[in-house]
Amino acid sequence: MSNIVVFGGDSHPDLVHKICDNLDIKPSEVHLGKFSNGETSISINESVREKDVYVIQSGCGQVNDAFMQLLILISACKSASASRVTAVMPYFCYSRQPDIPYTAKGAPVIHRPQQDGNGTKLTTRRPGADSSFKSLNSAIRSTINLENPQPDRGIAPPDLTSSKSLSRIPMIPGSKLQNSHTNGDAEDLFNAQNAGYKLWVVQAGTLIANLLTEAGADHVITMDLHDRQYPGFFDIPVDNLYCKPLAQNYIQHNIPNYQDAVIVSPDAGGAKRATAIADALELSFALIHKERRSQLLKGPPDATLTSGGTLPVSDRPLVSQPTNSVIRLSSSSSSISSITSTESRFVQTTMLVGDVRNKVCIVVDDLVDTSYTICRAARLLKEQGATKVYALITHGLFSGDALERISSSEIDQLIVSNTVPQQETVKHLGSDRVDIIDVSRVFGESIRRIHNGESISMLFEHGY
Amino acid sequence: MNGDSEEMTSNNIKLLAGNSHPELAELISKRLSIPLSKVGVYQYSNKETSVTIGESIRDEDVYIIQTGFGEQEINDFLMELLILIHACKTASARRITAIVPNFPYARQDKKDKSRAPITAKLVANLLQTAGCENVVTMDLHASQIQGFFRIPVNNLYAEPSVLHYIRTKTDLDNAILVSPDAGGAKRVAYLADKLDLNFALIHKERQKANEVSKMVLVGDVTNKTCLIVDDMADTCGTLVKACDTLLEHGAKEVIAIVTHGIFSGSAKEKLKNSKLARIVCTNTVPVELDLPIIDQIDISPTLAEAIRRLHNGESISYLFTHAPSE
């Protein structure tokens, strides 16, 4: 392979080497580091003039650092006269765009200063605390304190509302990260108080696409993008590879009696992805549906626990009792209690559609981050009589305390691809419980084909 | 804003702040008597940045305050800024101005060796791509960085505030200004003219980034109070060596005055063990060092006044030579 240069960022060196092994080339020499003030520093030690450059960087770990490093690498190659620069992002950061602060996908919002344990380096910085502004600061602080209980950095100095109960966006109920005053639902509370304006969360997808293009990327290769519309955000070609052929291959070769297994989608959003695998392998399919209903609209809790729907369903109760949780919206604030007291109860219902009794279940999802959804799904499946639960995941981010949760969950076998480093996962769960699907061959082959100007559509169907 | 017709088209200042420097944002907000807008900038547990907007900014004049600093978080803060700008753009703001007192990556402004990235140019492009229409910054490391943008850049100077500080807080009778390197000579010469003081220059031979080897002093500093003036103090290697050089040449005491007090890496140790009588910096970045010799100049009045003038379409150039009164 002539004229090709492959650089790896520092997010996933292992995958870079594997991809390069598959291409039978060596990763090109690049020095990656940081200046003492924290700015990313790179230096490229090989000529890239008129070369076809591939920069491999997964969006994991310190995401923003990794992304900036990718942008700087692309920009450096481009300004060093590379003929074409392709960004290879096995996991595409910011690809999931939650549209509500309280996301049904289960990504709890955390605040930097309050993260204990592993996040020590992000803990409270006290800028200016020792300066001559000290007295001034405390004066300002005390005035803020009247309306904002914690005017600290990360609590977002301009607070979301002026209500005491609302200094932060709540997390998933039951989260260990949860703090005492977080059991409200910021969105509902906020919208109740600000009738004219709805709280919204910025969707960064277009921005990320534009930033990559602006840095000089001519082409993007990624895998299992969460939104299928995502490539439309770009003005450059995006090759979205699929993990599906590899997943099918795994099921066929590693799951005994897979013909009797059931493919399960842990939420409605992933149904299409899961049915595709079920169809290809001619397996039956089940769906877990999670909904939150306002009790006021739906009546008392028991009334909401009906199955409903015309889909073929099992004769067993469709709702698992332990996953019902009645969430009471912040009772800590007296000022808003009048608004919320009558309509503040929500019922979270998890339903299983399909029969899994005495079956082996394979839960398929593209992205597992906090693992709430998939662990909840596994528990529900076991309660409904599943004999064994496999979790088949493309991007295993496992942020926060996800690994602990999985380790104590009903998931018997975790199968995850190496688009994101999985050393920690293996260490935590033991190599018996985790199987890694290697995606480096698919990425290597796609790079080879793109470099040679061949079609890559064969990779979508058959893998490599 | 009298009358209905004007209210319909009212176009107000909206102040937004990221997480990099809440104190500065508060000071600016207080100075302008405009509360900070309700936005939430958070980090998901997977380390992605999430921005929540809690009030309408449609057709408003938006100013986003975010400085570039943080040994761990500088890229997080940059992404916060980009996402905030993008958010305002998608929320139909009339004009978006980024207030970046310390411009990140300002020192990576040239291709000093083969294939070196010009990251300052990249950052300029990223800001514009996100939707920024105006930039306010302070004491850019190289004023040519303004040329990296296709949008207006207002490069403010800390010099008026520094002058005010020198006049009020130091003994001018026996003072001399010192530039720690040839690059800063112009800045120091300007201050020396204004204060009617002499100035000396230290020439350094730099072999590697963040490392200084040899220093040569030009000028007489015997029994004088030396005021070293520079645009930034990062690892403080230069400052400490310059201080030692000056004291070796008979200086009475050495005071350092810098705009951006980044103080990264081993700066704290170096400053603790140094013979500097005082080190003065502005609050373009938060200072986290707990050292008695550190003193700060508040430049928030300058930034606040710049915002007011930009909003009203008045000239900024007054601020190049005058510091708004406290």
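Here is how names work: the chains are called A, B, and so on, in the same order as the sequence lines, proteins then strands, and each is numbered from 1.
Nearest approach of A:G38 to B:I74, heavy atoms of both residues: O-CG2, 3.1 Å. Closest heavy-atom contact between A:W200 and B:A91: CZ2-CB, 3.6 Å. Of all heavy-atom pairs spanning B:H86 and A:Q203, the tightest one is NE2-O, 3.1 Å. Smallest separation of non-hydrogen atoms from A:N64 and B:K47: ND2-O, 4.1 Å. Of all the heavy atoms in B:R115 and A:N45, the pair that sits closest is NH2-C, 3.6 Å. The shortest non-hydrogen separation linking B:Y105 to A:E39 is N-OE2, 2.7 Å.
Using a 4.5 Å cut-off between heavy atoms, B:Q128 does not touch chain A at all. Proximity to chain B is limited to the side chain of A:S43, based on heavy atoms less than 4.5 angstrom apart. Heavy atoms closer than 4.5 Å to chain B are found in the side chain of A:I208, but not in its backbone. There is no contact between B:K121 and chain A, counting heavy-atom distances below 4.5 Å. Heavy atoms closer than 4.5 Å to chain A are found nowhere in B:S266, neither backbone nor side chain. Proximity to chain B (any heavy atom under 4.5 Å) is shown, for A:F398, by neither the backbone nor the side chain. With a 4.5 Å cut-off on non-hydrogen atoms, B:I262 touches chain A through its side chain but not through its backbone. With a threshold of 4.5 angstrom between heavy atoms, A:S75 approaches chain B through side-chain atoms but not through N, CA, C or O. A:S47 touches chain B through backbone and side chain together, each having a heavy atom under 4.5 Å away. Looking at B:K111, only its side chain comes within 4.5 Å of chain A, counting heavy atoms on both sides. In this structure, chain A has a heavy atom under 4.5 Å from the side chain of B:L78, while its backbone stays farther away.
Contacts with chain B were tallied for A:I44, A:L207, A:V63; A:L207 has the most, counting heavy-atom pairs under 4.5 Å. Most heavy-atom pairs under 4.5 Å with chain B, from the set A:L71, A:N210, A:D65: that is A:D65. Taking chain A as the reference chain and counting heavy-atom pairs below 4.5 Å, the highest number among B:I118, B:L82, B:V51 is found for B:V51. Contact count versus chain A (heavy atoms, under 4.5 Å) is highest, among B:A25, B:P292, B:S29, B:S56, for B:S56. Of the listed residues (A:E46, A:Q69, A:K78), the greatest number of heavy-atom pairs within a distance under 4.5 Å of chain B belongs to A:E46.
For the atom pair CG of B:N75 and NZ of A:K34, the computed distance is 5.5 Å after rounding to the nearest 0.5 Å. In this structure, OG in A:S41 is found 11.5 Å from CZ in B:R107, a value given to the nearest 0.5 Å. Here the CD atom belonging to A:E214 is positioned 8.0 Å from the CG atom belonging to B:L122, to the nearest 0.5 angstrom. Summarising the geometry, atom OG1 belonging to B:T129 is positioned 6.0 Å from atom CG belonging to A:L211; distances are rounded to the nearest 0.5 Å. Note: A:F35 CZ to B:D234 CG = 10.0 Å, rounded to the nearest 0.5 Å. To the nearest 0.5 Å, atom CE of residue B:M79 and atom CE of residue A:M68 are 8.5 Å apart.
Residues A:T370 and B:Y44 have side chains that never bring a donor and an acceptor to within less than 3.5 angstrom of each other.
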I would like to know whether A:C93 and B:E48 meet side-chain contact (heavy atoms from CB on, under 4.5 Å); could you show each step before the answer?
CA-CA 8 Å; A:C93 55; B:E48 286 179 6; 4.1 Å; yes
What's the verdict on side-chain contact (heavy atoms from CB on, under 4.5 Å) for A:D369 and B:S45, showing C-alpha distance, side-chain angles and the deciding distance?
CA-CA 8 Å; A:D369 183 357; B:S45 62; 4.1 Å; yes
